Q: 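Before I ask anything, let me first share the structure, which is written out below as structure tokens.
For reference, positions follow the sequence shown, starting with 1. Note that the structure is predicted; figures quoted are calculated from it, not measured.
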Amino acid sequence: MRVERWQTKHITDAMVVGAVARYCADSKEARKGARGLFDPFGANAEWPKFPYETLAALTGAPEKVTYAACERACDRNLIEFGVSLRTGWLTTKGEELLAVEIA
């Protein structure tokens, strides 16, 4: 049996946009449920997975491949970020792609 080598072309922009949208919704929900100061790294913290981690779990691809796919989506103006790509959000173009994929 031949094992396929994962490449960024195997992770579509729609998959990345969906993972980013899920992360944004889940992190908003986590912040809403927090009382007082929320420590995302605390022992009892239930912080959502970053988009590249979600993609790796769903596809079985290595995280470095899914992170590169997130970088590609950023280069294509589908997502943008402030401090870290791990915590990015959708652009208008990304939201449009997500809407097409959902419909």
Side-chain angles (χ1 to χ4, degrees):
M1 182 174 132
R2 183 173 176 205
V3 177
E4 183 177 353
R5 181 182 162 147
W6 280 96
Q7 297 177 358
T8 54
K9 68 181 179 182
H10 298 119
I11 311 296
T12 66
D13 287 338
M15 294 166 70
V16 173
V17 166
V20 171
R22 179 177 175 181
Y23 172 78
C24 290
D26 290 351
S27 62
K28 183 177 181 180
E29 209 42 50
R31 285 191 301 272
K32 187 189 303 182
R35 293 184 182 174
L37 294 175
F38 181 62
D39 178 11
F41 304 105
N44 297 324
E46 296 261 344
W47 199 250
K49 289 183 176 184
F50 294 117
Y52 70 93
E53 294 173 328
T54 300
L55 290 168
L58 291 173
T59 63
E63 286 184 0
K64 67 181 184 178
V65 172
T66 58
Y67 191 87
C70 291
E71 289 177 324
R72 180 192 65 208
C74 185
D75 292 342
R76 293 179 177 171
N77 197 28
L78 297 172
I79 59 176
E80 58 185 22
F81 63 94
V83 176
S84 171
L85 178 63
R86 296 172 7 153
T87 57
W89 58 87
L90 297 178
T91 63
T92 304
K93 188 176 174 182
E95 289 173 351
E96 291 170 358
L97 177 61
L98 183 64
V100 168
E101 289 299 317
I102 291 174

Q: Write down the atom of Cys24, the atom of Ser27, and the distance for their closest heavy-atom approach.
A: O-OG, 3.2 Å

Q: Checking Thr12 now: which residues fulfil side chain to side chain contact (heavy atoms under 4.5 Å, CB included) with it, not counting sequence neighbours?
A: Ala14, Met15

Q: Would you name the heavy atoms of Thr8 and Ala68 that are closest together and state the gap between them?
A: CG2-CB, 3.3 Å

Q: Please determine which of Leu90, Ile102, Leu78 meets the side-chain contact (heavy atoms from CB on, under 4.5 Å) test together with Leu97.
A: Leu78

Q: What are the two closest heavy atoms between Ala73 and Val16, and how far apart are they?
A: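 Taking every non-hydrogen atom into account, CB-CG1, 3.7 Å.
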
Q: So how far is it from Trp6 CH2 to Glu63 CD, rounded to the nearest 0.5 Å?
A: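 Nearest 0.5 Å value for the CH2-CD distance: 13.5 Å.
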
Q: Taking the side chain as every heavy atom from C-beta outward, state whether Val65 and Tyr52 have any atom pair closer than 4.5 Å.
A: no

Q: Does Lys93 reach the main-chain N or O of Arg76 with its side chain, forming a donor-acceptor pair under 3.5 Å?
A: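 Yes, because the side chain of Lys93 sits within donor-acceptor range (under 3.5 Å) of the backbone of Arg76.
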
Q: With sequence neighbours excluded, tell me which residues meet side chain to side chain contact (heavy atoms under 4.5 Å, CB included) with Glu80.
A: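 Glu80 satisfies side chain to side chain contact (heavy atoms under 4.5 Å, CB included) with Trp89, Thr91 once adjacent residues are dropped.
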
Q: Which atom names give the shortest non-hydrogen contact between Leu98 and Gly18, and what distance separates them?
A: CD1-CA, 4.1 Å

Q: Under a single-linkage definition using a 4.5 Å side-chain heavy-atom cutoff for Ile, Leu, Val, Met, Phe, Trp and Tyr, are Val17 and Phe81 assigned to the same hydrophobic cluster?
A: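 Yes: a chain of side-chain contacts under 4.5 Å links Val17 to Phe81.
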
Q: Considering all heavy atoms of both residues, which atom of Ala56 and which atom of Ala61 are nearest to each other, and what is their separation?
A: CB-O, 3.4 Å

Q: Over all heavy atoms of both residues, which pair between Lys49 and Glu53 is shortest? Give the atoms and the distance, please.
A: CA-OE1, 3.5 Å

Q: Please assess Thr54 against Tyr23 for the test side chain to side chain contact (heavy atoms under 4.5 Å, CB included), listing each intermediate value before the final yes or no.
A: CA-CA 9 Å; Thr54 300; Tyr23 172 78; over 6 Å; no

Q: Under 4.0 Å between a side-chain nitrogen and a carboxylate oxygen: does that hold for Asp13 and Arg72?
A: yes

Q: Atom CD of Glu71 and atom CD1 of Ile79: how far apart are they, to the nearest 0.5 Å?
A: 9.0 Å

Q: Do Cys70 and Leu55 touch side chain to side chain, with heavy atoms closer than 4.5 Å?
A: yes

Q: Is Leu85 close to Cys74 at the side-chain level, that is, under 4.5 Å between some pair of heavy atoms?
A: yes

